Protein chains: 2
Amino acid sequence: MLTHAAEDYLKSIYKLQEKGGKVSTGILAAYLNVKPASATGMIKKLKTMKLVSHKRYQGVTLTDAGKAIALEIIRHHRLLELYLFKALGVPWDGVHEEAEKLEHVISEDVEARMDEFLGYPTADPHGAPIPDKNGVVTKIAHIPMTDLREGQSCVVAEVSDSDSALLRHLGGFNLYPGTAFGVVEVAPFEGPFTINIAGQQVVIGREVAKHVFVDNVEE
Amino acid sequence: MLTHAAEDYLKSIYKLQEKGGKVSTGILAAYLNVKPASATGMIKKLKTMKLVSHKRYQGVTLTDAGKAIALEIIRHHRLLELYLFKALGVPWDGVHEEAEKLEHVISEDVEARMDEFLGYPTADPHGAPIPDKNGVVTKIAHIPMTDLREGQSCVVAEVSDSDSALLRHLGGFNLYPGTAFGVVEVAPFEGPFTINIAGQQVVIGREVAKHVFVDNVEE
DNA sequence: TATATAATTTAGGTATGCCTAAAATAATTT
DNA sequence: AAATTATTTTAGGCATACCTAAATTATATA
């Protein structure tokens, strides 16, 4: 069995790999809030377990085995988030932190029961895809909200998680995955968006909009 | 924040203290499946934190602060057991192991939500009392099933947890807390019990009966 | 190309929590 | 009371996973 720390490293490598670009020791360390030297140490250990491949100064890559574990942890995390949200009413800006601890200790049996309770969902409360039992992720390319123009309407697909202040802010506007809105006005010079959401007109700053992704864009 | 190991030690000291008798290093170590030397080390650490008092060769005692933490962990454990059982249908012989891991990571917020969902219960699936938020345990003295005589009827109050084979065995007879049964016959020479439970007549070995406690005994 | 800067790795140290083996202390038996 | 036995504690080790500081390697600049 892997340690929690090792699982966190694999998960982080996967996520950074997804974002594209090479996953250097430094980037990984920064992401995990540890020092580069610590990341080097763990990478060495994961390498002996054949979960990552790594050439000095060249960045890390997950092996198939490593990727499978990373996806398992991510599945735990996202199912837990959704379960906490739906079954226990934990606010969406709190589920991430909670799931971060639970993902390492939940059994496959309990996970399967939560999965069933939730009706085999495919996205967590932030809209991120939940890998299936076999580690298959169905990725859908979403449109950044910042690409929207005046007069367009759409549906929120996903928002960045892990910043709970941002999530509370978005929640205040009802900007949850599945919610539809229309763009009323885009201020010039890369300014804020005025949108019509649930009958309300609200202004969303550009920095905030960068963290929102949408689907079903129509004129 | 305490480590998981430290929490386990406090919980174990509490439970052993409950059973009566002095809690020696050796007994504590055996209970936790570690060597006596390891227990000595942790006791020393807990002592510097003023969570236990300890005089060399004299056994450990929880301080008020230590007892409060022990009860908090026990509350986590038992609420989790009941939640897993009622909300997710985890079989009662599996909830202990699962709760053992979760009790150290569950937040007070999630715990409060589970408590509410369960309607502020006072006993776990094995009939053990759940301490309240303030660490108050309402203990009820139960009667050992082995004290029962022919012709008496009663209601199962509590069974020992932590031995899942035993729990599966008892579950096979419907011998859950809350279930009523009557004693049909007690075999001589400290022999087995024949009981009438849910219309069925079943034989319960004495070694098994030792782990069952009952209430509401009537002739 | 040589040098300065940045990233990475190595080396050595800390804390936790377990271990074994030996020493110290207590309890029991003769 | 003395000797044996059992328990507890001390001493020293190991693995994990972090740290800092120094050495190495790569990259960018002059």
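As a basis for the values below, the full set of heavy atoms in this structure was taken, side chains included, without hydrogen atoms, waters or symmetry mates. Residue numbering restarts at 1 for every chain, and letters A, B, ... go by the order of the sequence lines. Keep in mind that what you see is a predicted model, and the values were worked out from it rather than measured.
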**OP:** Output, in order, the C-alpha distance, side-chain angles, deciding distance and verdict of side-chain hydrogen bond (donor to acceptor under 3.5 Å, both in side chains) for A/His54 and A/Gln58.
**Re:** CA-CA 7 Å; A/His54 180 241; A/Gln58 293 297 119; over 6 Å; no
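- Taking 4.0 angstrom as the limit, B/Ser24 places none of its side-chain polar atoms (N or O) nearer than this to OP1 or OP2 of D/dT7.
- With rounding to whole Å, B/Lys55 atom NZ is found 15 Å from D/dT8 atom P.
- In this structure, C/dT30 and D/dA1 make a Watson-Crick or G-U wobble pair, each of the two defining distances being under 3.5 angstrom.
- The aromatic rings of B/His104 and B/His4 lie parallel to each other, their planes meeting at an angle below 30°, with 60° marking the opposite boundary.
- Residue A/Lys35 contributes atom NZ, which lies 11 Å from atom P of D/dA21 at whole-angstrom precision.
- No hydrogens or angles considered: a donor-acceptor pair under 3.5 Å links the side chains of B/His126 and B/Glu81.
- Without hydrogens or angle criteria, A/Lys101 side chain to B/Val105 main chain gives a donor-acceptor distance under 3.5 Å.
- Looking at B/Arg75, its side chain does come within 3.5 Å of a backbone N or O of B/Pro131 through a donor-acceptor pair.
- Using a 4.0 Å cut-off, some side-chain N or O of B/Thr40 falls inside it from OP1 or OP2 of D/dT9.
- For the side chain to side chain contact (heavy atoms under 4.5 Å, CB included) test, residues two or more places apart in sequence or in another chain that qualify with A/Glu108 are A/Glu72, A/His76, A/Glu111.
- Under a 3.5 Å cut-off, the side chain of B/Ser38 and the backbone N or O of B/Val34 do not form any donor-acceptor pair.
- Whole-Å rounding puts the B/Ile43 CD1 to D/dT10 P distance at 11 Å.
- Contact footprint of chain A on DNA chain C: nucleotides with an atom under 4.0 Å from a non-hydrogen protein atom, first to last in 5' to 3' order, C/dT8 to C/dT10.
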Polar atom pairs between nucleotides 22-24 of chain D and protein, under 3.5 Å, N or O only, would you list them?
unit_1 : atom_1 : unit_2  : atom_2 : d
D/dT24 : O2     : A/Tyr57 : OH     : 3.1

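- Remark: B/Asp93 CG to B/His169 NE2 distance equals 13.0 Å, nearest 0.5 Å.
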